[in-house]
Amino acid sequence: MTNKEANQETAKPLNFIREIVEDDLRTSKYGGKVQTRFPPEPNGYLHIGHAKSICLNFGIARDYSGLCNLRFDDTNPTKEEMEYVESIKEDVLWLGFDWQDREYYTSDYFDKLYEYALQLIKQGKAYVCDLTADEMRQYRGTLTEPGKESPYRNRSIEDNIELFEKMRKGEFPDTSRTLRAKIDMASPNVNMRDPVMYRILHAGHHRTGDKWRVYPTYDWAHGQSDSIERITHSICTLEFEDHRPLYDWFIEQLEIHHPQQIEFARLNLSYTVMSKRKLLQLVEERIVNGWDDPRMPTITGLRRRGYTPEAIRYFADRIGVSKRETIIDVSLLEDSLRQDLNKRAPRAMAVLRPVKVVIDNYPNDRVEELEAVNNPEDPGMGTRKIPFSNVLYIEQDDFREVPPPKYFRLSPGKEVRLRYAYIIKCHDVVKDSKTGEIIEIHCTYDPETKSGGSQSQRKVKGTIHWVSAQHAVDAEVRVYDRLFRVEDPNGDEWKSFINPDSLEVLKNCKLERGLVNVTQQERFQFERLGYFCVDPDSRKDRVIFNRTVTLRDTWAKIEKAGA
RNA sequence: UGCCCGGUGGUGUAAUUGGUAACACACUUGACUCUGGAUCAAGGAAGUCUAGGUUCGAGUCCUAGCCGGGCAGCCA
């Protein structure tokens, strides 16, 4: 690390949450302890937005010698499933974080929560209410008008205890009664107008089975769960800001450990959607091929796409944390990935849209083994041999019969360097007589220009990649583009912004010989094209790659500007 | 029309807590290059939502507005 980098490292500013944590450490607010938690609801797959929260919570715990728990917020048995619990654990681990033995569930606290509820009833701070959902809404008032008190609000403590007990035993039908906190129906904060703490639900729970017929609401369960786990800093998203007074109220009535809730803005990324509801819809309506579709912003999708945990963590670091609602440009995510992969991914040559090149003056029975560097960024990664012969494939894009201005690649009468091989010159083109499609490009090579040879110094403008036809490995490559055509595809019309060309399957790709034996998830840089990784669908006899991200492409910009 | 939160280049995040706006991404230009990659260098781009005020001095403090977001599930 250079001095400059070291300085940047130490000068790295704290986000506002870390400032609060450091203040609390200085004043010993929590006895010098830091305890955070990541509390997902197991009703969907984790996405890049959750990654931000995971990095925040686990990162703070790590940096201030604290601990971070994983807690599943499983208070709604009608929506939650074990499938999601498993996927969430896998994703957190993959991101590089470890909750060790602290895998908790809100349902672990159902007994305790029930006791707390009884305590509030006995304090005259909670009551059983017989209002229907409709009636309750009417009694709640509006944003500008106060609510009315429920007629059941002043039941005796004894009646409340008895009724609540019967609710628990399942003696009443679903939704017939609720347990409510007795706070203030005229509060300007609607959350304080006697919120529901328990609802009757005759539903089995994925962990507690048939034990309960009443289930705590999130508002009642969350703060107390944090308290039970001795959380010091309860970091959550902005929409819970209005709920904080309620959580504080519960904690104060109960006189139990009081965590500090801190809210931050959730992540939005351009050209994608992030809400669980929308992601679920994309999956269920088969707009994408499952939660792990490489176009999805889910962790599992990004993983399949070829993203690395390092890149995602670096990205989370770079976006910062604040209370402003913003949309982060995907290019920052892509840049984070390229920075990581550039250093680590071995290079290979691959032709995605092949066109045949015949070197007329190269003996057709000859094969040379040429030396290629595995990663110019890291000499330690060594070199490999690649075969060269008289029939090659090059990229269709790398030949133009009529070259536009500033085109450095192959065209009639022009020369290019074949990477790690020779300089060739094009002198003829064979076309299909019917379609006009170019079938073969005829070239001659200059034997004096072999890479690394004594006469190899001659300069040509362009260098292109190639694959020897007789040695090529056939492959399928899935090329992805952004899922949506607009930066902010939200609102009611969101589905109309879906990019119909977000997936292109190329079935006739030619890879260099060395890629016959690849393993799942293995990543490469295909020179001049981008980073690619082996898809789980890949088989020994049918190699399949995903394009993770393209390289920066200056030519594409020039061409676009010209057009 | 009640309560809560936010407003700094195109996009994000900073600004030693009152000292004269920085970093990254994106963009532009150039150098270098057997990846139009990588790298390096340079540049344009905000005077900090507005209007007042306090102060020698305000992105930071005060006042009044304006704009954006959230909240009326027995969802989380």
Side-chain angles (χ1 to χ4, degrees), chain A residues 8 11-15 39-41 43 73 75-76 78-80 129 131-133 136-137 140-147 174-180 187-193 195-201 214-215 217-219 221-222 236-245 263 265 270 276 318-336 338-339 342-343 347 349 373 376-377 406-409 416-421 423 449 451-452 456-457 459-465 487 525-530 550-559:
Chain A
Q8 280 171 349
K12 191 179 159 191
L14 299 173
N15 62 53
E41 183 190 12
N43 71 340
D73 244 315
T75 54
N76 188 345
T78 64
K79 287 189 178 175
E80 294 145 8
C129 182
L131 253 27
T132 65
M136 201 181 290
R137 191 178 324 115
R140 190 154 30 229
T142 71
L143 294 176
T144 53
E145 296 160 312
D174 278 10
T175 74
S176 60
R177 286 182 165 86
T178 57
L179 183 75
R180 297 225 261 163
S187 171
N189 182 347
V190 189
N191 296 122
M192 302 298 271
R193 323 241 262 227
V196 171
M197 296 164 60
Y198 277 93
R199 70 286 215 187
I200 300 170
L201 244 35
V214 290
Y215 289 95
T217 59
Y218 175 87
D219 272 350
H222 193 81
C236 66
T237 44
L238 254 26
E239 68 269 28
F240 296 106
E241 210 154 18
D242 288 339
H243 297 238
R244 180 163 21 99
E263 308 85 10
S270 60
K276 278 189 193 174
R318 300 217 280 169
I319 57 178
V321 179
S322 76
K323 299 187 74 157
R324 296 170 61 176
E325 295 179 52
T326 59
I327 301 176
I328 308 274
D329 199 327
V330 258
S331 66
L332 189 67
L333 214 211
E334 294 176 344
D335 180 74
S336 303
R338 289 194 191 102
Q339 280 195 41
N342 179 43
K343 288 177 285 184
R347 312 286 126 125
M349 292 209 279
V373 173
E377 302 295 315
K406 291 190 186 168
Y407 186 80
F408 298 160
R409 286 110 98 148
V416 278
R417 148 107 30 213
L418 293 176
R419 173 136 242 228
Y420 297 125
I423 292 173
T449 56
S451 288
S456 69
Q457 299 311 307
K459 302 287 184 211
V460 283
K461 253 316 197 186
T463 299
I464 63 174
H465 61 277
E487 259 187 60
Q525 184 198 95
F526 291 170
E527 295 218 25
R528 303 208 306 133
L529 297 176
T550 61
L551 253 23
R552 276 211 196 91
D553 191 348
T554 325
W555 167 245
K557 273 179 201 165
I558 295 169
E559 205 180 22

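Below, chain A is the first sequence line, B the second, and so on; all start at residue 1.
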*Asks:* Under 4.0 Å between a side-chain N/O of Lys557(A) and OP1 or OP2 of rC27(B), yes or no?
*Replies:*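 Checking Lys557(A) against rC27(B): at least one side-chain N or O falls below 4.0 Å of OP1 or OP2.
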*Asks:* If anything within 90° of 0 is syn and all else is anti, what is rU17(B)?
*Replies:*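 Chi for rU17(B) falls in the syn range.
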*Asks:* With a 3.5 angstrom cut-off on both distances, give the Watson-Crick or G-U wobble partner of rG6(B), or none if there isn't one.
*Replies:*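 The answer is rC67(B), by the H-bond criterion.
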*Asks:* Using the C1' atom in both, what is the distance from rG2(B) to rA72(B), to the nearest Å?
*Replies:*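 It works out to 11 Å between them.
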*Asks:* Mind checking what makes salt bridge (Lys or Arg N to Asp or Glu O under 4.0 Å) contact with Glu263(A), not counting sequence neighbours?
*Replies:*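 Partners of Glu263(A) under the salt bridge (Lys or Arg N to Asp or Glu O under 4.0 Å) test: Arg244(A), Lys323(A).
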*Asks:* Answer with base, sugar-phosphate or nothing: what part of the nucleic acid does Tyr198(A) contact at a heavy-atom distance below 4.0 Å?
*Replies:*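 Counting heavy atoms under 4.0 Å across all strands, no contact is made by Tyr198(A).
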*Asks:* Taking ring-ring contact (aromatic ring centres under 6.0 Å, His included) as the test, write out the residues that go with His222(A), two or more places apart.
*Replies:*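 His222(A): ring-ring contact (aromatic ring centres under 6.0 Å, His included) contacts with Tyr218(A).
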*Asks:* Could you tell me the separation between the CD1 atom of Ile558(A) and the C1' atom of rG36(B), rounded to a whole number of Å?
*Replies:*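 Rounded to the whole Å, the gap is 7 Å.
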*Asks:* Does Glu145(A) contact rU1(B) through a side-chain donor or acceptor facing the base, at a distance under 3.5 Å?
*Replies:*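 Under the 3.5 Å cut-off, the side chain and the base do not form any donor-acceptor pair.
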*Asks:* Under 4.0 angstrom, heavy atoms only, what part of the nucleic acid is Lys461(A) near: base, sugar-phosphate, or nothing?
*Replies:*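 The residue Lys461(A) makes no contact with any strand.
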*Asks:* For Arg417(A), what residues pass the salt bridge (Lys or Arg N to Asp or Glu O under 4.0 Å) criterion, not counting sequence neighbours?
*Replies:*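 Per chain and number, Arg417(A) pairs via salt bridge (Lys or Arg N to Asp or Glu O under 4.0 Å) with no residue.
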*Asks:* Please report, rounded to the nearest Å, how far the C1' atom of rG37(B) is from the CD atom of Gln339(A).
*Replies:*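 Those two atoms, CD and C1', are 14 Å apart.
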*Asks:* Determine the contact category for Glu377(A): base if any of its heavy atoms lies under 4.0 Å from a base atom, sugar-phosphate if only primed atoms, P, OP1 or OP2 are that close, otherwise nothing.
*Replies:*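 Since a base atom lies under 4.0 Å of Glu377(A), the category is base.
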*Asks:* Across all strands, who's sitting opposite rC75(B) as a Watson-Crick or G-U wobble pair, both distances under 3.5 Å?
*Replies:*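 None - no nucleotide pairs with rC75(B), as no candidate has both distances under 3.5 Å.
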*Asks:* Using the salt bridge (Lys or Arg N to Asp or Glu O under 4.0 Å) criterion, which residues pair with Arg409(A)? Sequence neighbours excluded.
*Replies:*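 Listed in chain order: Asp398(A).
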*Asks:* For the P atoms, the ones on rU60(B) and on rA21(B), what distance do you get once it is rounded to whole angstrom?
*Replies:*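 Rounded to whole Å, the distance is 15 Å.
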*Asks:* For Arg347(A), which contact category applies under a 4.0 Å heavy-atom criterion: base, sugar-phosphate, or nothing?
*Replies:*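 Answer is base: heavy atoms of Arg347(A) come under 4.0 Å of a base.
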*Asks:* Rounded to whole Å, please give me the gap between CG in Leu14(A) and C1' in rU13(B).
*Replies:*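 Answer to the nearest Å: 13 Å.
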*Asks:* Using a 4.0 Å heavy-atom cut-off, does Thr144(A) contact any base of the nucleic acid, only the sugar-phosphate backbone, or nothing at all?
*Replies:*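 Base contact.
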*Asks:* For atom P, what is the distance between rU11(B) and rA26(B), given to the nearest Å?
*Replies:*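 Going atom to atom, P in each nucleotide, I get 15 Å.
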*Asks:* Can you list everything that forms a ring-ring contact (aromatic ring centres under 6.0 Å, His included) with Phe526(A)? Sequence neighbours excluded, please.
*Replies:*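 Phe526(A): ring-ring contact (aromatic ring centres under 6.0 Å, His included) contacts with Phe532(A), Phe545(A).
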*Asks:* Using Watson-Crick or G-U wobble geometry with both distances below 3.5 Å, tell me the partner of rG30(B), or none.
*Replies:*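 In the structure as shown, rG30(B) has rC40(B) as its Watson-Crick or wobble partner.
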*Asks:* Just call it for Arg318(A): base, sugar-phosphate, or nothing, with non-hydrogen atoms closer than 4.0 Å on any strand.
*Replies:*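 Sugar-phosphate contact only - Arg318(A) comes under 4.0 Å of backbone atoms but never of a base.
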*Asks:* Heavy atoms only: give me the nearest Arg180(A)-Val196(A) pair and the separation to one decimal.
*Replies:*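 In this case the closest contact between Arg180(A) and Val196(A) is CD-CG2, 4.0 Å.
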*Asks:* Is it true that Asp553(A) and Arg528(A) make a salt bridge, defined as a side-chain N closer than 4.0 Å to a carboxylate O?
*Replies:*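 The answer is no: the pair does not qualify as a salt bridge.
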*Asks:* Looking across every strand, which nucleic acid part, if any, lies under 4.0 Å from Tyr420(A) by heavy atom: base, sugar-phosphate, or nothing?
*Replies:*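 The residue Tyr420(A) makes base contact.
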*Asks:* Contact class for Glu263(A) (heavy atom, under 4.0 Å): base, sugar-phosphate, or nothing?
*Replies:*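 Contact class for Glu263(A): none.
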*Asks:* Measure the distance from CG on Asp335(A) to P on rG12(B) and round it to the nearest whole Å.
*Replies:*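 To the nearest whole Å, that distance equals 17 Å.
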*Asks:* Which nucleotide in the set rC74(B), rA76(B), rA26(B) lies at the smallest distance from any side-chain heavy atom of Thr178(A)?
*Replies:*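 Given the options rC74(B), rA76(B), rA26(B), the side chain of Thr178(A) is closest to rC74(B).
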*Asks:* By the 4.0 Å heavy-atom rule, please label Met349(A) as base, sugar-phosphate, or nothing.
*Replies:*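 No contact.
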*Asks:* Regarding Val460(A), tell me which of base, sugar-phosphate or nothing describes its non-hydrogen contacts under 4.0 Å with the strands shown.
*Replies:*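 The answer is nothing, as Val460(A) stays clear of every strand by at least 4.0 Å.
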*Asks:* When the C1' atoms of rU1(B) and rG44(B) are compared, how many Å lie between them, rounded to an integer?
*Replies:*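 Between the two C1' atoms, the distance is 45 Å.
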*Asks:* At their closest point, which heavy atom of Thr142(A) faces which heavy atom of Arg193(A), and how far apart are they?
*Replies:*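 Here Thr142(A) and Arg193(A) meet closest at O-NH2, 2.5 Å.
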*Asks:* If we take the C1' atom in both rU28(B) and rU20(B), what is their distance in whole Å?
*Replies:*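 Straight-line distance between the two C1' atoms is 28 Å.
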*Asks:* Classify Thr75(A) by what it touches in the nucleic acid, base, sugar-phosphate, or nothing, heavy-atom distance under 4.0 Å.
*Replies:*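 It contacts sugar-phosphate atoms only.
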*Asks:* Using the C1' atoms only, state how far rA24(B) lies from rA58(B), rounded to an integer number of Å.
*Replies:*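 Comparing C1' positions in rA58(B) and rA24(B) gives a spacing of 27 Å.
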*Asks:* What distance, rounded to whole Å, do you find between the two P atoms, one in rC67(B) and one in rA22(B)?
*Replies:*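 It works out to 32 Å between them.
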*Asks:* Would you mind classifying the nucleic acid contact of Gly147(A) as base, sugar-phosphate or nothing, using non-hydrogen atoms under 4.0 angstrom?
*Replies:*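 Result for Gly147(A) = nothing.
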*Asks:* Heavy atoms only, 4.0 Å cut-off, all strands: where does Lys276(A) land among base, sugar-phosphate and nothing?
*Replies:*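 The residue Lys276(A) makes no contact with any strand.
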*Asks:* If we call it a pair only when both distances are under 3.5 Å in a Watson-Crick or G-U wobble match, what pairs with rU17(B)?
*Replies:*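 Across any shown strand, rU17(B) pairs with none.
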*Asks:* What is the nucleic acid contact for Pro376(A), judged by heavy atoms within less than 4.0 Å: base, sugar-phosphate only, or nothing?
*Replies:*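 Base contact.
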*Asks:* Determine, step by step, whether Glu80(A) and Asn76(A) satisfy the side chain to side chain donor-acceptor pair (under 3.5 Å) criterion, reporting the C-alpha distance in whole Å, the side-chain angles of both residues, the deciding distance to 0.1 Å, and the verdict.
*Replies:* CA-CA 7 Å; Glu80(A) 294 145 8; Asn76(A) 188 345; 5.4 Å; no
*Asks:* For the C1' atoms, the ones on rC56(B) and on rC49(B), what distance do you get once it is rounded to whole angstrom?
*Replies:*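 Going atom to atom, C1' in each nucleotide, I get 27 Å.
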*Asks:* Given atom CZ of Arg409(A) and atom C1' of rU35(B), what is their separation to the nearest angstrom?
*Replies:*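 Taking atom C1' of rU35(B) as the reference, CZ of Arg409(A) is at 11 Å.
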*Asks:* Choose from rA76(B), rC74(B), rC5(B) the nucleotide whose nearest atom is closest to any side-chain atom of Val196(A).
*Replies:*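 The closest nucleotide is rC74(B).
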*Asks:* Tell me: CG of Leu551(A) to C1' of rG37(B), nearest whole Å?
*Replies:*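 Rounded to whole Å, this separation is 4 Å.
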*Asks:* Base, backbone or nothing for each nucleotide of nucleotides 66-73 of chain B, written B, S, -, heavy atoms under 4.0 angstrom, 5' to 3'?
*Replies:* ---SBBBS
*Asks:* Does Arg199(A) pair with Asp174(A) as a salt bridge, N-O distance under 4.0 Å?
*Replies:*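 No, this pair does not count.
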*Asks:* Could you give the CZ-to-P distance, from Arg338(A) to rA24(B), as a whole number of Å?
*Replies:*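 The distance from CZ of Arg338(A) to P of rA24(B) comes to 17 Å, rounded to the nearest Å.
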*Asks:* Between rA24(B), rC5(B), rG36(B), which one does the side chain of Lys323(A) approach most closely?
*Replies:*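 Nucleotide nearest to Lys323(A)'s side chain: rC5(B).
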*Asks:* Is the gap between the ring centers of Trp555(A) and Phe408(A) under 6.0 Å?
*Replies:*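 Not under 6.0 Å, so no.
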*Asks:* Would you say Arg552(A) reaches rU35(B)'s phosphate, i.e. side-chain N/O to OP1/OP2 under 4.0 Å?
*Replies:*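 Answer is no, no contact under 4.0 Å.
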*Asks:* Give the rounded distance in Å between these two atoms: CG of Leu332(A) and P of rG12(B).
*Replies:*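 Spelled out: CG on Leu332(A) to P on rG12(B) is 11 Å.
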*Asks:* With respect to the side chain of Asp73(A), which nucleotide from rA76(B), rA26(B), rU13(B) is positioned closest?
*Replies:*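 Nearest listed nucleotide: rA76(B).
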*Asks:* If anything within 90° of 0 is syn and all else is anti, what is rG73(B)?
*Replies:*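 Classified syn.
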*Asks:* If pairing requires Watson-Crick or G-U wobble contacts with both distances under 3.5 Å, which nucleotide is the partner of rC23(B)?
*Replies:*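 Pair assignment: rC23(B) / rG12(B).
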